[in-house]
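Contents: one structure, followed by commentary.
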Amino acid sequence: MMVMLGCGSVLQAQTPQTSYLTYHDYLEKVNAGNLDYAAQKLNVSAARADVIAAHVFNDPQISVDYTNNQDHALHMGQSVEVGITQTLSMGKRGAGIRMARSESELSETLLADYFRNLRADATIAFFEVQKQKQLYEVKRSSYQDLLELAKSDSIRFATGKIMEVEAIQSKLEAGIMHNEVIQAETDLKNACCSLSLMMGTLSKDTLYLPKGELGDVERPFSLDHLMTYAVDNRADLVAALKNTEVARRAVTVARRDKLPDVDVSLSVSHNNRVRNEEAPAPNFNGITAGIAFPLKFSALNKGTVQAAKFRAQQAEAQYNQARLQVQTEVVRAYQQFQSLSVQVKHYRNGMLSQAKEVLKGKVYSYNRGEVPLLEILNAQRTYDEVQAQYIETLYNYNVALAELERTAGIWDIQ
């Protein structure tokens with residue numbers, strides 16, 4: 001008895017604890033804990049740091065010069081000169097700051113687009129678990145019905161109302177369904193693992209299950225409105241437009257790099273007394289100011305500027321292509337959603353109830369001895385298939401809704 005109790009406690013400890021999540025809580029956990037999303041946020045932080053770095057000025061140079069004009073031999077004196085030189089870049093710093101700001105805004109837009117896709121993928125994973133949970137319930141309910149039928153047939157065989165082969169077959173069908181229930185439960189647990197991955201958590205002791213079931217709330221959409229909203233607001237299209245701005249900033253930076261850097265200098269010197277008898281001179285201080293700039297023969301090479309212009313044209317073409325791609329995606333997602341909406345209504349308008357009525361009628365006739373066991377089993381399989389197809393269609397409907405809102409750049413799924 002002690003050994004059995006010990007084994008039972010071990011098995012109970014290995015059973016994962018079920019934690020139910022609402023869709024709202026689930027998305028909050030995804031937002032806070034998804035590791036890929038956290039890594040993408042660092043791109044924004046790095047881009048903001050680049051903006052700060054772009055504000056830096058050129059470092060000044062300080063020089064100290066010492067001169068000895070054979071003072072010990074000819075008594076021509078000594079001198080010390082201290083100077084400072086500053087390099088001035090003509091417009092380069094301002095162009096770099098504007099470039100860095102545009103790149104920072106682009107990184108923020110790309111992060112918003114990443115979350116748009118993450119939110120849709122996480123929602124589809126949530127729907128997948130709901131689907132697997134409902135399929136498991138269908139299998140479990142069918143198993144319970146077949147188990148009750150097997151028990152009833154065992155009693156009927158004992159009383160001589162049916163043959164032994166029918167009792168054996170009903171028991172066999174219940175056993176087969178039991179295996180399907182086990183597999184459905186495994187599929188459900190595996191689907192739940194995707195929720196943990198989305199939330200950035202891994203716990204072998206906790207099984208996350210969504211609250212509620214798949215819904216089919218009718219959603220009226222206007223295709224024209226969806227296309228207009230997607231073109232104006234979808235994050236990846238906004239990022240493509242921002243990329244054209246970055247490319248134009250790059251052209252300006254390339255042009256400013258061709259401008260010469262000017263060095264402005266100022267120095268102060270002190271000269272000792274010259275004690276040479278032929279050319280004596282008193283102590284004196286001197287101030288020297290100067291300006292120097294290179295001869296920018298390299299500016300005659302326009303390759304860098306031309307390359308930047310071509311990249312700007314490329315960014316424009318990519319934006320136009322992305323705009324057309326977005327419009328096409330919206331049309332396809334809208335048509336898929338409308339098709340699945342009709343299919344769900346078709347199931348709701350009679351297919352489920354008709355399959356259920358057929359099964360009830362077959363069970364009633366079998367209990368009266370009017371039909372063989374095979375007809376009940378066929379009716380049960382048909383009913384299970386209709387339920388499974390309905391759940392699959394309902395899942396596809398919800399996925400189509402998520403894809404439509406993803407492509408349109410809107411989100412109001414609750």
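Model, not experiment: these values are computed from the prediction.
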Report summary line: Correct closest heavy-atom pair for Met99 and Val246 would be SD-O, 3.6 Å
Query raised in the report: For Leu146 and Glu173, which heavy atoms make the closest approach, and how far apart are they?
Result: CD1-O, 3.8 Å
Report summary line: Residues at least two apart in sequence or cross-chain that pass side-chain contact (heavy atoms from CB on, under 4.5 Å) with Pro280, listed by chain then number, are none
Query raised in the report: Should Val44 and Arg48 count as side-chain neighbours, where that means a heavy-atom distance under 4.5 Å?
Result: yes
Query raised in the report: So which heavy atom on Gly96 is nearest to which on Ala54, and how close?
Result: O-CB, 3.9 Å
Requested in this report: Can you establish whether the number of heavy atoms outside Ile291 located under 6.0 Å from its atom CD1 is more than 12?
Outcome: yes
Query - Heavy-atom neighbours of Lys133 NZ exceed 12 at 6.0 Å - result: yes
Query raised in the report: Is there a donor-acceptor contact under 3.5 Å linking the side chains of Thr85 and Asp263?
Result: no
**Report entry** Gln134 and Lys131, any side-chain heavy atoms less than 4.5 Å apart
**Finding:** no
Report summary line: Rounded to the nearest 0.5 Å, the NZ atom of Lys139 sits from the OG atom of Ser141 at a distance of 11.5 Å
Query - Pair Tyr395 and Phe127, ring centroids less than 6.0 Å apart - result: no
Query raised in the report: Any side-chain heavy-atom pair from Leu266 and Thr288 closer than 4.5 angstrom?
Result: no
Report task. Flag the pair Val342 / His346 as yes when at least one side-chain heavy-atom distance between them is below 4.5 Å, and no otherwise. Result -> no
Query raised in the report: Could Arg93 and Phe57 be counted as a cation-pi pair, given that NZ or CZ must be under 6.0 Å from the ring centre and within 45° of the axis?
Result: yes
Query raised in the report: Do NZ/NE/NH1/NH2 and the carboxylate oxygens of Arg116 and Asp113 come within less than 4.0 Å?
Result: yes
Query raised in the report: Shortest non-hydrogen contact from Thr407 to Val330?
Result: O-CG2, 3.6 Å
Report summary line: By side-chain contact (heavy atoms from CB on, under 4.5 Å), Thr228 pairs with (sequence neighbours left out) Asp232
Query raised in the report: Would you say the ring centroid of Phe221 lies under 6.0 angstrom from that of Tyr334?
Result: no
**Report entry** Pair Tyr208 + Tyr20: ring centers closer than 6.0 Å
**Finding:** no
Query raised in the report: Would you say Val331 and Met227 make side-chain contact, with heavy atoms under 4.5 Å?
Result: yes
Query raised in the report: Do you know which two heavy atoms are closest between Ala191 and Gln132, and how far apart they sit?
Result: CB-CG, 4.0 Å
Query raised in the report: Any Lys/Arg nitrogen of Lys211 or Asp25 sitting under 4.0 Å from an Asp/Glu carboxylate oxygen of the other?
Result: no
Query - Student check: side-chain heavy atoms of Leu188 and Leu209 closer than 4.5 Å - result: yes
Report task. Please report the shortest heavy-atom distance between Asn301 and Lys258, naming the atom on each side. Result -> O-NZ, 2.7 Å
Query raised in the report: Ion pair present between Arg140 and Asp145, side-chain N to carboxylate O less than 4.0 angstrom?
Result: no
